[in-house]
Structures are given as structure tokens and as C-alpha cells.
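Presented below is the structure to which this report refers.
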Amino acid sequence: MRIVITGGAGFLGSHLCEALLKRGDTVVCVDDLSTGQLSNIEPFTNNPRFSFIAADVTVGIPVVGEVDAVAHLASAASPPDYHRMPLETLAAGSRGTESALKLAHSHNARFVLASTSEIYGDPLVHPQTEEYFGNVNSIGPRSVYDEAKRFAEAISMAYARTHNVNVGIMRIFNTFGPRMRPGDGRVVTSFIAQALNGQPITIYGDGSQTRSFCYVDDLVRGIVAMIDSADRGPINLGNPVEKRVDELAQIVLDLTGSQSSIEFHPLPTDDPTRRKPDITRAQTRLGWNPTVETSVGLKLTLEWFLRNRQEVADAADAIAGAQFGGQEAASVLAGGDVDNNAPVLEAA
Ligand code: UDP
């Protein structure tokens, strides 16, 4: 198969390129490198079945020749990134998704959308099943990502109904692993980088909020299964093992042996309180199950961070200073709408 991957130089995208190349597919990676990195795809640039096109998908996707499938992953995905690039994030989810759908339509190709657990917002149903419509604040700071992805699902369904495009919607939950940017501001990367740099571990809120973390290899198997199927979805892809954020901090401290202290910062506006996928659909319809335990995945991720110590050290300022959840950043980004009841800078 010849598969176009938008956002192919990003964290997830580059792992997807690698998995598809490994099984013999031809891969066209399209990325504007706004959050993706050439270093992520550098290992396979010499593969004759791989090509890279630097392009902004919101303008168009200049791919010529046969296309069997389009996987649309292009978007900022970490909260600090989409807060830094709100208009670009909205454009990637809306105009970018339409470009990718047009490409799939014109080639009669399978189209898979990387949607997100953010569809469920701060969920009132737990664990989240695909039937749940969500609880999203359409005007809050996270809405640039959440609503763009909700629009992306809507326009994908409209192309399926109107133009008979073979659409598959995946709702991807928190995923982690090698090639994440140490300074991307997400919780796994920040905690590992802070532990290695001897910086305080920054917990937003009281740390009781939960996420369910899926190792990247598991997630990519799910995306590949979705590409190969004709299932329209939506299908949740994620690891259903739920962890509190303060629990994650402790696991990272234990794993690294770091002496870093723990600092509490205000919870960002609309930060989801609980998140855990119901993966019955993925299990029954795709035959998919995550297999890598969070602690094992964290160890593999730590090893990668240790191999990239300079990048981790260079990210220290970004992690310490410009965080979305940091008090100053939160007050700017949330328009002053900060949770003043959250503990600030209390040592644990
Ligand atoms: N978080 C945290 N400290 C950090 C970064 C994130 O406590 O340095 C929290 C964040 O508030 C959220 C959770 O960790 O509750 C997951 O955040 P992340 O940005 O990784 O992804 P999200 O699931 O919110 O998109």
C-alpha cells in the first residue's frame, strides 16, 4: 500500500511511518515541522519506500501518484503547543482535515482520522465509551484543540455520508514513548526531564486527576489495524490502566532515583479530572489490546531520554518557565481565569 501520513514527522506519526515501512508499505510523510522534527524521520530517510514533503496541510497536500490510505495526524497535540498556536491548531483540525479528506476522496483511499479523548472534555461518564457525547467548554482555552477535533470528526462523517469516503475515526488517549520532545510540556516528558535535570517535579492541581497512559508501540498497532479495517468508528485507542498524576510523579522519581522535590501549581482551566478509555470496541472490532505496562513503557522512554541528555538539558528552561500550568502562564492563557484555590508552590 502507498500511505500518506500527515504529521508524519511528529511523535506518533514517525512511529507510524516506521511501522508501515517495516511491514513493506510505501510511506509519504507530510509535515510542516511546526511541532514535528526532522530528527524523528532521519532514521528512514534513506529507505527508497519513504518520502518526505514539507507542506502545511491547511493549504493543501501536494501528493501526486497513487494513494491507498491517508492517515491524518497533523496537529499540535500537547496543551502548551496548542496554546502557543491556537489559530494554527484550529486550522489543522478544520482546513487540514478537509485537505486530507479531499486527497482520500480523489484517490478512493481509506481515510483514518487521529481524533482524541479530548472529544469527551472533562467527562461526566467514566470510563469513556464512544457513545458518550462529551463535556467540552467551547470557549475555554482548550477548545482550540477539542473543538477542532470535534469539527474534524463531523467533517469526516460528512465526507463519508456525502462522498462515500472510507472513513475511520480513532479517539486516541494519552500516549507516550521515545521521540516525544522533552520540552513539549506534557506530563510524562516534563516529569522525566525534570527528574533528570534535578528540577522540581511540577504537579498541576493536587495531583488527584487521572490519565491512562498507552505506550506508543501499542498505540501504533491500533492505528495500523484501523488503516487495514473498513471500520468507521469512532473507536477509542488507549491503555485503560488509570493513574493519578501524583502517582505518576512517584513512579518517575522511583525509576530515575532522582532527588527532585515536588511542587504544586494551579490546575490549568478545564483540565479533565478523570480519563480512562473503554476499549471494548477496539478489542472486539479491531482485535486490539495494549500489552505494554505503563512502568515498562516509562523505562523504555527514560532510556531514550538518557540517550538524548543534551536535548533534555536544553529543555530545562522551557519546562520551568513557559508552562501552560505554571502560575504565570496559566493566568495569561486562561485570561486570568485561574483556580485560586489550587495549592501553589507547596513542597510535598
Ligand atoms: N500535568 C502536570 N504537570 C505537568 C504537566 C501536566 O501535573 O508538568 C498534568 C496536567 O494538568 C494534566 C495531566 O498532567 O492533568 C496530563 O497532562 P498532559 O499535558 O500530558 O496531557 P492532557 O491529557 O492534559 O492533554
Side-chain angles (χ1 to χ4, degrees), residues 11-12 35 75-84 89 114-123 128 136-137 140-146 148-149 171-177 180-197 199-214 216 219 236 238-239 242-253 260-277 294 297-298 301 315-316 318-327 329-330 333-334 338-339 342-346 348:
F11 157 57
L12 262 185
T35 57
S75 176
S78 104
D81 281 347
Y82 57 72
H83 285 89
R84 193 166 46 82
T89 304
S115 185
T116 165
S117 54
E118 291 280 336
I119 293 292
Y120 306 120
D122 189 6
Q128 292 78 57
V136 174
N137 174 2
R142 290 179 94 95
S143 67
V144 295
Y145 184 68
D146 302 9
K149 290 290 188 180
R171 293 188 179 149
I172 298 173
F173 284 63
N174 296 64
T175 304
F176 71 99
M180 289 182 99
R181 289 177 4 250
D184 76 357
R186 283 166 155 166
V187 69
V188 171
T189 40
S190 295
F191 285 3
I192 296 180
Q194 287 164 340
L196 293 181
N197 290 337
Q199 296 173 279
I201 306 278
T202 53
I203 292 182
Y204 301 165
D206 65 2
S208 65
Q209 73 272 34
T210 68
R211 295 293 187 272
S212 306
F213 299 99
C214 189
V216 64
L219 207 285
N236 289 337
N239 190 323
E242 192 180 4
K243 295 229 179 305
R244 287 168 56 117
V245 163
D246 55 4
E247 202 186 332
L248 178 75
Q250 197 52 55
I251 296 172
V252 170
L253 283 175
S260 287
S261 60
I262 289 183
E263 276 182 4
F264 291 90
H265 290 255
L267 193 66
T269 305
D270 297 330
D271 196 283
T273 322
R274 299 186 74 184
R275 184 181 287 159
K276 166 184 159 123
T294 309
L298 283 171
T301 310
I319 300 165
Q323 290 197 47
F324 163 52
Q327 196 179 19
L333 291 161
V338 177
D339 177 1
V344 181
L345 295 175
E346 284 170 10

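Ligands are counted one by one from 1 in listed order, and the atoms in each one are counted from 1 as well. Start at 1 with the first residue, then count along the sequence. Note that this is a predicted model, so its numbers are computed, not measured.
Taking a cut-off of under 4.0 Å to the non-hydrogen atoms of D271, the atoms of ligand 1 that pass are 10 (C), 11 (O), 12 (C), 15 (O). Ligand 1 places these atoms under 4.0 Å from at least one heavy atom of G185: 5 (C). The distance from ligand 1 to the heavy atoms of I203 drops below 4.0 Å at these ligand atoms: 7 (O). Remark: ligand 1 atoms within the under-4.0 Å shell around heavy atoms of N174 are 21 (O), 22 (P), 23 (O). Contact atoms of ligand 1 toward P79: 19 (O), 25 (O) (distance under 4.0 Å to a heavy atom of the residue). Residue R275 approaches ligand 1 through these ligand atoms, each under 4.0 Å from one of its heavy atoms: 22 (P), 23 (O). Counting atoms of ligand 1 from 1 in the listed order, those under 4.0 Å from a heavy atom of P268 are 11 (O).
Inclusion of Y204 in the set of residues having an N or O under 3.5 Å from an N or O of ligand 1 is warranted. Geometrically, ligand 1 and Q194 share no nitrogen or oxygen pair separated by less than 3.5 Å.
When the heavy-atom distances from atom 23 (O) of ligand 1 to R211, E263, R142 are ranked, the shortest goes to R211. Of all the listed residues (D246, V187, D184), V187 holds the heavy atom that lies closest to atom 14 (O) of ligand 1. Residue V245 holds the heavy atom nearest to atom 13 (C) of ligand 1 of all those in T202, T189, V245.
Between S78 and the choices R84, M180, R186, the side chain to side chain contact (heavy atoms under 4.5 Å, CB included) rule is met once, by R186.
When the ring-ring contact (aromatic ring centres under 6.0 Å, His included) test is applied to Y82, the partners found at least two apart in sequence or on another chain are Y145. With sequence neighbours excluded, the residues that form a side chain to side chain donor-acceptor pair (under 3.5 Å) with S260 are S258.
Between the side chain of Q128 and the backbone N or O of I119 there is no donor-acceptor pair closer than 3.5 Å. Here the side chain of T175 pairs a donor or acceptor atom with the backbone of F173 at under 3.5 angstrom. No donor-acceptor distance shorter than 3.5 angstrom exists from the side chain of K276 to the backbone of K243, with no hydrogens or angles considered. No donor-acceptor pair under 3.5 Å is formed between the side chain of S190 and the backbone N or O of V187.
Checked by atom type, the side-chain pair T35/D81 shows no donor-acceptor distance below 3.5 Å.
Remark: distances from the non-hydrogen atoms of G207 to ligand 1 are all 4.0 Å or more. Between E118 and ligand 1 there is a heavy-atom distance shorter than 4.0 Å.
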Problem set entry | CA sep, side-chain torsions, deciding dist, call: E118, R142, salt bridge (Lys or Arg N to Asp or Glu O under 4.0 Å) | CA-CA 9 Å; E118 291 280 336; R142 290 179 94 95; 2.7 Å; yes
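With a 4.0 Å heavy-atom cut-off, ligand 1 is reached by the side chain of Q209 but not by its N, CA, C or O.
For the pair V245 and Y204, the minimum side-chain heavy-atom distance is 4.5 Å or more.
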